[in-house]
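For reference, the structure is listed below as structure tokens.
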Amino acid sequence: MAKTASEELIFHKKAFQEALLRWYHTHARVLPWRIEPTLYKTVLSEFMLQQTQIKTALPYFHRWVDELPTFEALSKATPEKVLKLWEGLGYYTRARNIHKLAKALVAMPQIPKTPEAWLELPGVGPYTTAAITSISFKEPLACVDGNVVRILSRLTANSREFTDSATASKYFAPLGQALVNTDNPGDHNQAMMELGATVCHRRSPECLLCPVKNFCKGTKENPENFPKLTQKKIEKKEIYRIWCIKDGNILLHKATAKAKRLSGIHELPTQDQVGISESDLKASDLIVKKVRTITRFQMVESIYRLSRVKKKLKPDLVWVPLNKLSTVILSGPHKRWIEELA
DNA sequence: AACACGGGGTC
DNA sequence: GACCCAGTGTT
């Protein structure tokens, strides 16, 4: 009976783990959460690195640890303080979740150490549970993120199609788990992800530098064929926004606490938030057209200059002094646009 | 399983 | 423009 690619790999597990770990111990990047790691730094880095690349998260991580160095400090911080430190990183639910998590931990008699307990905490899913418990508590649980899916699909030359990354992670979880080095699961997990980030790139992987190329079926064909993810179609949206400055104040929209997204975040108001007709708007100055893509939406945002607006505005519209913009929380793109246009 | 999330980077 | 990134939560 011929072995499957997964069985073959698992058969050579020990040699695979040793080659991977040897490589990691000489090639791991020096990152702030790897220097004198603590549970707090590990948790914070994992939250920041959800859907965000290391290079982007790095300055935020330093600022955050300076301002809120412990779970205790974080648990006592105001929501505004927390959101301000996250300003520009996007996916603001993560900031609200780690804030809730800190409050929950501080209220507990002791820090939970089991995967089951961590999975219950806000913003902690299967990946983050595995990352935190393996790194901080030596729990032998495999992290299966985008990097690991890419590595496992290439190692086994698996060309199964997936509709989304969550489905792919679920599919590869058993193989990932079978390969975990139970002596050092934290470094094993980090090594897998480090390999994906620095060698086994999505495009042009550097197989010649790979410590586990001898275990890899994918390198013998075209590794870029794996994994196979079906594309989603991009939906286009057109948004009209208002640029209105009066007596040194700029008109902004603040999403209410109940808002599904961007709760507490300020942005340039849209045409309908200000209550102006589309024809009136198009009769005014078009300042600039901005395009950005987020998840499956491409947004084209046209910003129009308005010299005046109605006296009576809805309460979520606020006038903010241009020299006091640092006191409110802006989404990253809007912050940059305002700096650019003001 | 599909989608929302409303940011950023790379080729 | 397509696709990815140390994903989670909701439906």
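Numbered from 1 within each chain, the chains take letters A, B, ... in sequence-line order. Remember, it's a predicted structure, so these values are computed and weren't measured experimentally.
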With heavy-atom distances below 4.5 Å as the criterion, would you say the side chains of [X] and [Y] are in contact?
{"X": "A:Phe47", "Y": "A:Val43", "answer": "yes"}
{"X": "A:Leu252", "Y": "A:Leu325", "answer": "yes"}
{"X": "A:Pro205", "Y": "A:Glu224", "answer": "yes"}

| message | On DNA chain C, compare the nucleotides closest to A:Leu49 and A:Gly123; which residue's is nearer the 5' end? | response | A:Leu49

| message | Here's a test of your reading of the structure: between A:Ser45 and A:Pro122, which maps to the more 5' nucleotide of DNA chain C? | response | A:Ser45

If I take atom [atom1] in residue [X] and atom [atom2] in nucleotide [N], what distance separates them, rounded to the nearest angstrom?
{"X": "A:Glu87", "N": "B:dG6", "atom1": "CD", "atom2": "P", "value": "14 Å"}
{"X": "A:Ile329", "N": "B:dG6", "atom1": "CD1", "atom2": "P", "value": "14 Å"}
{"X": "A:Leu31", "N": "C:dA6", "atom1": "CG", "atom2": "C1'", "value": "11 Å"}
{"X": "A:Asn97", "N": "C:dA6", "atom1": "CG", "atom2": "C1'", "value": "17 Å"}
{"X": "A:Arg241", "N": "B:dG6", "atom1": "CZ", "atom2": "P", "value": "13 Å"}
{"X": "A:His99", "N": "C:dT8", "atom1": "NE2", "atom2": "P", "value": "21 Å"}
{"X": "A:Leu121", "N": "C:dG9", "atom1": "CG", "atom2": "C1'", "value": "15 Å"}

| Is any side-chain N or O of A:Gln50 closer than 4.0 Å to OP1 or OP2 of C:dG7? | no

| request: Establish, with yes or no, whether the OP1 or OP2 oxygen of B:dG6 is under 4.0 angstrom from a side-chain nitrogen or oxygen of A:Arg261. | output: no

So what does [X] touch, heavy atoms closer than 4.0 Å: a base, only the sugar-phosphate, or nothing?
{"X": "A:Met48", "value": "nothing"}
{"X": "A:Ile54", "value": "base"}
{"X": "A:Lys335", "value": "nothing"}
{"X": "A:Val124", "value": "sugar-phosphate"}
{"X": "A:Tyr92", "value": "sugar-phosphate"}
{"X": "A:Arg34", "value": "base"}
{"X": "A:Trp86", "value": "nothing"}

| request: Please list residues of residues 159-177 of chain A whose heavy atoms come under 4.0 Å from any atom in DNA chain B, ordered by number; otherwise none. | output: A:Thr163, A:Thr167

| request: Count the heavy atoms belonging to other residues, nucleotides or ligands that lie under 6.0 Å from CZ of A:Arg160, then report whether that count exceeds 12. | output: no

| query | Is the number of heavy atoms from other residues, nucleotides or ligands under 6.0 Å of A:Lys41 NZ greater than 12? | reply | yes

| field | A:Phe215 side, atom CZ; A:Leu155 side, atom CG - distance, nearest 0.5 Å | value | 9.5 Å

| Going by the angle between their ring planes, with limits at 30° and 60°, are A:Phe137 and A:Trp118 parallel, tilted or perpendicular? | tilted

| request: Mind telling me whether A:Trp337 and A:His334 have parallel, tilted or perpendicular rings, with 30° and 60° as the class edges? | output: tilted

| said: When you compare the side chains of A:Ser279 and A:Ser277, does any donor N or O come within less than 3.5 Å of an acceptor on the partner? | reply: yes

| request: Determine whether the side chains of A:Thr128 and A:Glu46 contain a donor N or O and an acceptor N or O closer than 3.5 Å. | output: no

If you measure from the [atom1] atom in [N] to the same atom in [M], how many Å do you get, rounded?
{"N": "C:dA6", "M": "B:dC11", "atom1": "P", "value": "14 Å"}
{"N": "C:dC4", "M": "B:dC5", "atom1": "C1'", "value": "16 Å"}
{"N": "B:dG6", "M": "C:dT11", "atom1": "P", "value": "15 Å"}

| request: Determine, step by step, whether A:Glu278 and A:Lys282 satisfy the salt bridge (Lys or Arg N to Asp or Glu O under 4.0 Å) criterion, reporting the C-alpha distance in whole Å, the side-chain angles of both residues, the deciding distance to 0.1 Å, and the verdict. | output: CA-CA 6 Å; A:Glu278 202 168 314; A:Lys282 290 194 169 164; 3.3 Å; yes

| Closest to the A:Leu262 side chain: C:dT8, B:dG7, C:dA6? | B:dG7

| Salt bridge present between A:Lys76 and A:Glu72 (N-O < 4.0 angstrom) | yes

| message | Could you check whether A:Lys217 pairs with A:Glu8 (Lys NZ or Arg NE/NH1/NH2 to Asp/Glu carboxylate O, under 4.0 Å)? | response | no

Expected rows: protein N/O vs nucleotides 8-11 of chain B N/O, under 3.5 Å:
residue	atom	partner	partner atom	Å
B:dG8	OP1	A:Gly88	O	3.3
B:dG8	OP1	A:Arg336	NH1	2.8
B:dG8	OP2	A:Arg336	NH2	2.7
B:dT10	OP1	A:Lys55	NZ	2.7
B:dC11	O4'	A:Arg203	NH2	3.3

| task | Identify, residue by residue, the members of residues 126-139 of chain A with a heavy atom below 4.0 Å from DNA chain C, and return them in order of residue number, or none. | result | A:Pro126, A:Tyr127, A:Thr128

